[in-house]
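What follows is a short report on a single structure.
In this text, all values refer to a predicted model and were calculated from it rather than measured experimentally. Values below: all heavy atoms of this structure, side chains included; hydrogens, waters and symmetry mates excluded.
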Amino acid sequence: METREAEAGSARERILTIAGDLFAEHGYDAVSIADLASAAGISTGLIYYHFKDKETLYGTVVREGVHLLEETAVATLVGDRSPTDRLRLFVVSYMRLLEGKTSLMRLLIRSVSDVAGPAPRHALMRSAAIIDRLHAVIEEGVAAGEFRAVDTHLAATALFALINTLITARVLDTPLGGRTGGDIEQQASFMVELFLEGVGSCS
């Protein structure tokens with residue numbers, strides 16, 4: 001029984017991995033269930049055994065990808081560290097995660113840019129949830145005198161946009177990404193220090 005369940009779980013994970021890669025590369029509309037089955041070396045029936053249809057599969061890929069980002073936010077932004085240390089740890093961890101998962105970043109970019117697609121609302125809502133966590137940490141830092149008084153929600157949104165712009169440029173191999181120096185750790189440290197200098201207490 002355990003072996004059968006393990007095999008089923010393995011098949012599901014393989015389908016999700018292949019689907020994530022194909023959706024990221026070609027987009028939702030350009031990928032069929034037959035394409036997924038061929039790439040995974042399985043039958044279409046096995047895909048339909050695990051997922052009702054292509055839309056369900058796509059939504060699952062996006063949700064599980066965003067869940068990884070949320071896990072990073074929870075692990076780094078909650079705890080006893082100072083607000084500054086939590087923000088620094090979040091930025092480095094978040095960028096490191098996406099640097100290692102280029103297909104996930106490409107998929108998320110596609111999912112939120114295709115407003116007519118099946119999953120943008122979920123991805124945008126979960127991004128908003130991460131921004132809310134950043135907002136809470138920045139607000140805590142302001143209250144403690146660690147950061148100067150700023151519009152904390154706008155600051156959280158700006159930080160999220162800052163790091164996503166850089167990682168998007170790197171993942172998509174744009175001219176902007178090519179002009180940035182250093183590895184991902186150095187770039188993450190630079191971004192967070194630049195941000196913190198903007199919100200740091202003047203006292």
Subject >> Straight-line distance of D132 CG to E139 CD, nearest 0.5 Å >> reply: 10.5 Å

**OP:** Please confirm whether the backbone N or O of R81 pairs with a side-chain atom of R86, one donor and one acceptor, at under 3.5 Å?
**Re:** yes

Original post:
So which heavy atom on V150 is nearest to which on A155, and how close?
Top reply: CG2-CB, 4.2 Å

Original post:
Under the side-chain contact (heavy atoms from CB on, under 4.5 Å) criterion, do N164 and L98 qualify, and how do the steps go?
Top reply: CA-CA 9 Å; N164 275 287; L98 288 178; 4.3 Å; yes

Original post:
Is F90 linked to M105 within one hydrophobic cluster, defined over Ile, Leu, Val, Met, Phe, Trp and Tyr using a side-chain heavy-atom separation of less than 4.5 Å?
Top reply: yes

Original post:
Do L89 and I130 belong to the same hydrophobic cluster, where Ile, Leu, Val, Met, Phe, Trp and Tyr are linked whenever their side-chain heavy atoms lie under 4.5 Å apart, directly or via other members?
Top reply: no

Original post:
Which heavy-atom pair separates R88 from V192 by the least distance, and what is that distance?
Top reply: CA-CG2, 3.6 Å

**OP:** Indicate if V78 and V142 have the same hydrophobic cluster label, given that clusters are the connected sets of ILVMFWY residues with side-chain heavy-atom separations under 4.5 angstrom.
**Re:** no

Subject >> Heavy-atom pair with the smallest gap, counting every atom of A37 and S43 >> reply: CB-C, 3.9 Å

**OP:** For residues K54 and Y28, report the shortest heavy-atom separation together with the two atoms involved.
**Re:** NZ-O, 2.8 Å

**OP:** Write down the atom of S103, the atom of A24, and the distance for their closest heavy-atom approach.
**Re:** O-CB, 3.2 Å

Original post:
Do S38 and D35 meet the criterion of a side-chain donor-acceptor pair at a distance under 3.5 Å?
Top reply: no

**OP:** Indicate the atoms forming the closest heavy-atom contact of S127 with F160, along with that distance.
**Re:** CB-CE2, 3.9 Å

Original post:
Atom CG in L159, atom CG in L196: separation rounded to 0.5 Å?
Top reply: 8.0 Å

Original post:
Is any side-chain heavy atom of F195 closer than 4.5 Å to a side-chain heavy atom of L87?
Top reply: yes

Original post:
Given V31, which of I18, L22, L57 fulfils the side-chain contact (heavy atoms from CB on, under 4.5 Å) condition?
Top reply: L22

Original post:
What's the spacing between L69 CG and L104 CG if we round to 0.5 Å?
Top reply: 5.5 Å

Subject >> Between CG on residue L16 and CZ on residue F23, distance to nearest 0.5 Å >> reply: 10.0 Å

**OP:** Check for a donor-acceptor pair, side chain of E146 on one end and backbone N or O of T84 on the other, with a separation under 3.5 Å.
**Re:** yes

**OP:** Indicate, with yes or no, if V91 and L68 share a hydrophobic cluster defined by side-chain heavy-atom contacts under 4.5 Å among Ile, Leu, Val, Met, Phe, Trp and Tyr.
**Re:** yes

Subject >> Expected output: side-chain R14 to main-chain A40 donor-acceptor under 3.5 Å >> reply: yes

Original post:
Quick one: CG on L36 to CG on D21, what's the gap to the nearest 0.5 Å?
Top reply: 10.5 Å

Original post:
Are V74 and L134 connected, step by step, through hydrophobic side chains (Ile, Leu, Val, Met, Phe, Trp, Tyr) whose heavy atoms are closer than 4.5 Å?
Top reply: no

Original post:
Distance from D151 atom CG to I138 atom CD1, nearest 0.5 Å?
Top reply: 10.0 Å

Original post:
Does the pair R12/E64 count as a salt bridge with the N-to-O cut at 4.0 Å?
Top reply: yes

Original post:
Tell me, do H50 and I15 make a side-chain contact under 4.5 Å, heavy atoms counted?
Top reply: yes

